[in-house]
Amino acid sequence: QVQLVESGGGLVQAGGSLRLSCVASGRTFSSYAMGWFRQAPGKEREFVAAISWSGDGTYYVDSVKGRFTISRDNAKNTVYLQMNSLKPEDTAVYFCAADRTSWGPRAKYDYWGQGTQVTVSS
């Protein structure tokens, strides 16, 4: 089992940047593929990005391609989401999630963090 804690959210103006971090407990972080999701008020949770176990594979939803970058540091048990050129429509609670057996937008993601709020003002 793994516990996930996100941080790095906040209020930023449109065009600005934020870097989200998600720290995992335990000594087996490298055995989990990781993903970032977001949920805006009144909307369903949406897949944002995913990264494979070693970090050699990444996947993004079309709306963030070229603006967001997912990365991981297995030595630090941490996955990151660098968000540049932020838009008001990026406003949401952002969650990280972990899956042992698969990765990408259709993975099961058995473990979730509590979320961090990102607000982008126009």
Side-chain angles (χ1 to χ4, degrees):
Q1 191 169 354
V2 64
Q3 293 182 324
L4 306 172
V5 179
E6 303 97 334
S7 62
L11 173 64
V12 64
Q13 288 187 333
S17 299
L18 283 174
R19 187 175 82 156
L20 305 184
S21 299
C22 172
V23 179
S25 64
R27 296 176 290 178
T28 59
F29 179 67
S30 60
S31 62
Y32 292 91
M34 301 298 295
W36 284 98
F37 292 75
R38 65 187 179 187
Q39 187 166 20
K43 294 189 176 180
E44 293 189 353
R45 187 171 60 199
E46 174 191 32
F47 168 82
V48 176
I51 190 165
S52 62
W53 300 263
S54 64
D56 58 353
T58 58
Y59 191 100
Y60 299 91
V61 68
D62 285 347
S63 59
V64 308
K65 282 181 182 176
R67 301 189 298 121
F68 291 11
T69 302
I70 188 171
S71 62
R72 66 188 297 160
D73 185 338
N74 285 345
K76 295 183 178 180
N77 283 13
T78 303
V79 62
Y80 304 98
L81 186 67
Q82 177 67 45
M83 305 186 296
N84 299 329
S85 302
L86 282 161
K87 304 175 181 180
E89 51 264 43
D90 294 318
T91 295
V93 178
Y94 283 71
F95 301 88
C96 68
D99 189 300
R100 288 191 73 103
T101 59
S102 61
W103 77 282
R106 295 179 182 81
K108 221 170 45 163
Y109 294 108
D110 298 307
Y111 305 101
W112 293 82
Q114 83 290 346
T116 185
Q117 176 71 47
V118 171
T119 303
V120 184
S121 63
S122 57

Taking all heavy atoms of Arg72 and all of Ser30, pick out the closest pair and write down the distance. NH2-CA, 4.0 Å
Distance-only polar pair, side chains of Ser71 and Asp73, donor-acceptor under 3.5 Å: no
Going only through I, L, V, M, F, W and Y residues with side-chain contacts under 4.5 Å, is there a path from Val118 to Leu81? yes
Which is it for Glu46 and Ser63 under the side-chain contact (heavy atoms from CB on, under 4.5 Å) test, yes or no, and what are the steps along the way? CA-CA 11 Å; Glu46 174 191 32; Ser63 59; 4.2 Å; yes
Using the side-chain contact (heavy atoms from CB on, under 4.5 Å) rule, take Val61 and Phe68 through it: C-alpha gap first, then chi angles, then the decisive distance, then the call. CA-CA 10 Å; Val61 68; Phe68 291 11; over 6 Å; no
Assess Arg45 against Trp112: is NZ or CZ under 6.0 Å from the centre of the six-membered ring, and within 45 degrees of the ring's axis? yes
Can we say Lys65 and Asp62 salt-bridge, meaning some charged N sits less than 4.0 Å from an Asp/Glu carboxylate O? yes
Distance col, row Arg19:CZ vs Tyr80:OH, nearest 0.5 angstrom, shows 5.0 Å
Tyr111 and Leu20: same hydrophobic cluster, using ILVMFWY side-chain contacts below 4.5 Å? yes
How long is the straight-line distance from CD of Gln117 back to CD of Gln39, given to the nearest 0.5 Å? 11.0 Å
Could you tell me if the side chain of Trp103 sits less than 4.5 Å from the side chain of Ile51, heavy atoms only? no
Is there a donor-acceptor pair closer than 3.5 Å between any side-chain N or O of Asn74 and the backbone N or O of Trp53? yes
How long is the straight-line distance from CD of Gln82 back to CZ of Arg67, given to the nearest 0.5 Å? 12.0 Å
Examine the side chains of Tyr32 and Arg100 and answer whether a donor and an acceptor come within less than 3.5 Å of each other. yes
Shortest non-hydrogen contact between Ile70 and Trp36, atoms and distance: CD1-CD1, 3.5 Å
Would you give the length of the straight line joining atom OG of Ser31 to atom CG of Asp99, rounded to the nearest 0.5 angstrom? 10.5 Å
Phe47 meets the ring-ring contact (aromatic ring centres under 6.0 Å, His included) criterion, sequence neighbours left out, with Phe37, Tyr59
What is the distance from atom OG of Ser17 to atom CG of Leu86, rounded to the nearest 0.5 Å? 6.0 Å
Could you measure the distance from the CE atom of Met34 to the OH atom of Tyr109? Nearest 0.5 Å is fine. 8.5 Å
Heavy-atom side-chain contact between Thr69 and Tyr60 under 4.5 Å: yes
Same cluster or not: Val64 versus Val93, using hydrophobic residues (I, L, V, M, F, W, Y) connected whenever any side-chain heavy atoms lie under 4.5 Å apart? yes
Please tabulate, for the side chains in residues 1-14, all donor-acceptor contacts under 3.5 angstrom to protein atoms that are two or more places apart in sequence or on a different chain.
{"unit_1": "Glu6", "atom_1": "OE1", "unit_2": "Gln114", "atom_2": "N", "d": "3.0"}
{"unit_1": "Glu6", "atom_1": "OE1", "unit_2": "Gln114", "atom_2": "NE2", "d": "3.4"}
{"unit_1": "Glu6", "atom_1": "OE1", "unit_2": "Gly115", "atom_2": "N", "d": "2.8"}
{"unit_1": "Glu6", "atom_1": "OE2", "unit_2": "Cys96", "atom_2": "N", "d": "2.8"}
{"unit_1": "Glu6", "atom_1": "OE2", "unit_2": "Gly115", "atom_2": "N", "d": "3.3"}

